[in-house]
Number of protein chains: 4
Amino acid sequence: MNDKKILIINAAIQLFAEEGVGVPTAKIAKEAGVSNGTLFNYFDTKQNLIDDVCFFIAEKMAAEIFVDLDRSRDMEEIFFHVWSAYIYWAQKNLLEYKVLGLLKSSQIVSESVFKKIDNFFAVIDENMEQGIKDNIIKDLPLDLLSEIARGQLDATVSYIQSNKLKKADVDRFTRISFEIYVKGISV
Amino acid sequence: MNDKKILIINAAIQLFAEEGVGVPTAKIAKEAGVSNGTLFNYFDTKQNLIDDVCFFIAEKMAAEIFVDLDRSRDMEEIFFHVWSAYIYWAQKNLLEYKVLGLLKSSQIVSESVFKKIDNFFAVIDENMEQGIKDNIIKDLPLDLLSEIARGQLDATVSYIQSNKLKKADVDRFTRISFEIYVKGISV
Amino acid sequence: MNDKKILIINAAIQLFAEEGVGVPTAKIAKEAGVSNGTLFNYFDTKQNLIDDVCFFIAEKMAAEIFVDLDRSRDMEEIFFHVWSAYIYWAQKNLLEYKVLGLLKSSQIVSESVFKKIDNFFAVIDENMEQGIKDNIIKDLPLDLLSEIARGQLDATVSYIQSNKLKKADVDRFTRISFEIYVKGISV
Amino acid sequence: MNDKKILIINAAIQLFAEEGVGVPTAKIAKEAGVSNGTLFNYFDTKQNLIDDVCFFIAEKMAAEIFVDLDRSRDMEEIFFHVWSAYIYWAQKNLLEYKVLGLLKSSQIVSESVFKKIDNFFAVIDENMEQGIKDNIIKDLPLDLLSEIARGQLDATVSYIQSNKLKKADVDRFTRISFEIYVKGISV
DNA sequence: CATGAATGAGGTTTCATTCAT
DNA sequence: AATGAATGAAACCTCATTCAT
């Protein structure tokens with residue numbers, strides 16, 4: 001992706017986090033260090049920019065979470081890797097994480113974007129399915145299981161952030177929340 | 001609260017759910033069957049209306065969830081009552097539930113409103129504290145425990161809604177998700 | 001004039017002085033201790049109220065200035081009486097004086113009102129005319145002479161007010177400005 | 001100052017003179033031949049525009065009045081120069097003159113603007129002070145003397161304008177009013 | 001008469017988007 | 001491409017005025 005396009009997207013992330021998606025495009029352009037008009041050379045409409053921001057964050061997040069995942073490991077190890085990578089990413093990317101949450105419930109991102117994002121997490125579903133077959137995980141619908149996982153992850157991140165935990169505690173609570181989840185869904 | 005005020009709040013809920021908080025006040029007024037000016041007789045600013053909508057929903061929700069809660073029952077029964085009442089309420093009040101979620105992450109509701117809302121749920125915290133003392137629940141921070149509960153509840157509601165489950169299945173998954181939660185946090 | 005009408009007019013004077021003629025009628029009504037609707041029982045439109053306020057002040061001012069004027073005295077005595085009565089009135093009626101000035105240059109009071117007001121001061125013109133015939137006052141157009149008088153009076157009042165002069169000084173500068181005026185226009 | 005800014009200010013002057021400061025910004029923009037939005041590119045708020053109009057007029061007036069003033073002349077010559085330049089300017093700039101008067105008593109121009117304007121006329125005060133030291137002018141407070149001057153000037157202009165005097169008469173009455181003023185304040 | 005809620009036209013201001021340079 | 005002034009539709013909000021009670 002073009003350099004200037006990324007500059008604008010990052011400015012948008014910054015400002016969406018601070019002020020919500022309502023920020024004027026003019027302000028975003030200024031923050032990005034480009035002119036008002038230039039922003040519209042890269043994004044036809046503001047809606048377009050919002051969609052791209054959403055996709056950009058999700059894509060980067062998925063990439064970082066799955067980057068050095070060894071898919072030959074056993075199921076619980078894979079899960080824990082993803083679990084802690086998600087929390088780690090949220091910690092390292094406060095703004096992106098916040099904006100992604102904000103966009104998801106804003107009624108404003110185009111439907112198609114979320115479809116694409118969901119694909120990133122297909123690996124987990126496949127893995128979970130195997131767990132059920134192997135009679136390790138309760139036989140429940142995959143989308144319920146992953147909704148719950150997402151819910152617990154976000155709860156954990158929220159706890160970590162609002163209490164400003166340090167590295168050691170982050171690790172501890174990452175493990176604790178993972179154990180709660182696994183214990184909960186185990187047969 | 002005044003009749004017309006409620007009319008406006010309900011119109012706002014309807015439209016926030018459909019189009020996000022960006023809807024013009026004019027459209028809200030029209031939906032409520034009053035004039036644009038009348039809306040501003042009841043709410044000084046749009047911000048004010050948004051805050052009131054948020055508080056109105058939360059208050060009603062809390063009232064309905066706790067209405068026939070028998071506080072003399074044992075901890076797990078109380079928990080399950082609240083757990084299923086929350087899911088039941090979300091089912092009966094699709095719009096309100098959606099709007100509350102939307103407002104919570106919108107960066108737009110005044111801080112003070114959430115403070116007030118949190119108070120509604122103090123009962124649960126007290127109960128959970130007792131569970132920890134009695135060595136039934138893992139000794140974890142209360143706010144983590146309730147964040148996780150909230151996360152699982154919303155995950156369950158989301159699953160129920162996106163799969164349009166019927167009464168029997170709703171009951172079943174309410175019970176299942178509760179068991180997952182309890183199993184997860186139990187000692 | 002009706003009691004309540006005067007109540008409203010006085011409230012209007014108060015608020016015009018503080019905030020200009022832009023004040024909402026609702027605020028005027030509140031200040032007068034009557035309802036929004038009642039104001040419009042007494043004044044058909046806001047324009048009407050403004051006109052009435054203007055006329056009310058001018059009428060009262062004229063009445064007080066000319067009240068114990070002995071028209072048999074000689075010209076200079078009559079002049080000085082009016083001169084000091086004007087300044088005295090402005091001192092005693094800060095708000096009314098201020099509002100009259102504000103209304104005169106506001107482009108907002110109906111033309112007809114000023115016509116009526118001018119009549120109040122006909123006495124002076126007659127007297128001045130005699131002074132010219134008697135070769136005491138320079139033979140200049142009456143309206144120039146009275147414009148100048150008005151200009152000097154307002155200058156004097158302005159000086160008194162912005163320096164918050166006490167009674168003795170007020171009297172002194174009333175006399176001084178009068179002497180300047182008379183000396184200026186004398187043959 | 002920017003071309004379009006001046007266009008807007010002149011349109012504002014025109015309309016303030018015709019209809020008072022209450023004219024809609026939309027009308028001002030239209031009169032200036034720009035869009036409503038453009039007006040707000042040059043003036044953040046209407047208040048801002050009003051203040052700028054006031055300052056713009058006063059600044060131009062001061063510049064024109066003092067432009068070819070020979071400060072080495074004697075006091076009375078300097079005075080007369082300013083006196084007649086003021087009247088001349090008011091004649092040539094009917095609208096500006098009217099609007100300045102209107103704004104001064106409107107309760108609407110920001111305090112700070114008048115402070116700046118007063119500075120323009122400091123020259124006169126210095127000169128008058130010398131006149132007092134030299135025992136030519138009565139020993140009176142400077143601000144009283146200049147208030148009176150301003151009062152007489154405005155009275156003269158008002159007389160000239162309401163009688164639509166021609167050049168020759170304008171000159172005659174300029175001289176006459178000056179003599180009245182000087183005679184009045186002379187020792 | 002008195003009231004004050006209701007009205008809606010109209011005001012100021014914002015902002016996504018365009019386009020000439 | 002990049003710019004940023006210009007645009008004008010549309011947003012929020014005000015307020016003179018009406019009218020049912």
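Chain identifiers are assigned alphabetically (A, B, ...) following the order of the sequence lines, protein sequences preceding nucleic acid strands; residue numbering begins at 1 within each chain.
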N/O donor-acceptor pair under 3.5 Å between A:Glu96 side chain and A:Asn10 backbone = no
key: Any donor-acceptor N/O pair, B:Gln47 side chain to B:Ile108 backbone, under 3.5 Å   = yes
ask   = Is NZ or CZ of C:Lys116 both nearer than 6.0 Å to the six-membered ring centre of C:Phe55 and within 45° of the ring axis?
value = yes
task = Please find the earliest and latest nucleotides of DNA chain E, in the 5' to 3' direction, that have an atom within less than 4.0 Å of any heavy atom of chain A.
result = E:dC15 to E:dT18
query = What integer distance in Å separates A:Ile28:CD1 from F:dG4:P?
reply = 17 Å
ask   = Is the shortest heavy-atom distance from the side chain of A:Lys104 to the side chain of A:Val109 under 4.5 Å?
value = no
query = Can you tell me the Watson-Crick or wobble partner of E:dC15, both distances under 3.5 angstrom?
reply = F:dG8
inquiry  = Suppose we define a pair by two distances each less than 3.5 Å, Watson-Crick or G-U wobble; what does E:dA20 pair with here?
reply    = F:dT3
task = Measure from NZ or CZ of B:Lys5 to the centre of the six-membered ring of B:Phe43 and say whether it is under 6.0 Å with the direction within 45° of the ring axis.
result = yes
message = Check whether D:Ser35 reaches the backbone of D:Thr38 with its side chain - one donor and one acceptor, N or O, closer than 3.5 Å.
response = yes
request  = Specify the separation, in whole Å, of atom CD of B:Glu19 and atom P of F:dA11.
outcome  = 10 Å
task = Quick one: label D:Lys30 by what it contacts on the DNA or RNA (base, sugar-phosphate, nothing), any heavy atom closer than 4.0 Å.
result = nothing
request  = Might you confirm whether atom CG of B:Asn2 has over 12 heavy atoms from other residues, nucleotides or ligands at distances under 6.0 Å?
outcome  = yes
inquiry  = Can you list, in residue-number order, the parts of residues 33-43 of chain D that come under 4.0 Å of DNA chain F, counting heavy atoms only?
reply    = D:Val34, D:Ser35, D:Gly37, D:Thr38, D:Asn41, D:Tyr42
request  = Return yes if some donor-acceptor pair links the side-chain N/O of C:Thr45 with the main-chain N/O of C:Asn48 below 3.5 Å, else return no.
outcome  = yes
Closest-nucleotide 5' rank along DNA chain E - winner of B:Asn2 and D:Gly22 = B:Asn2
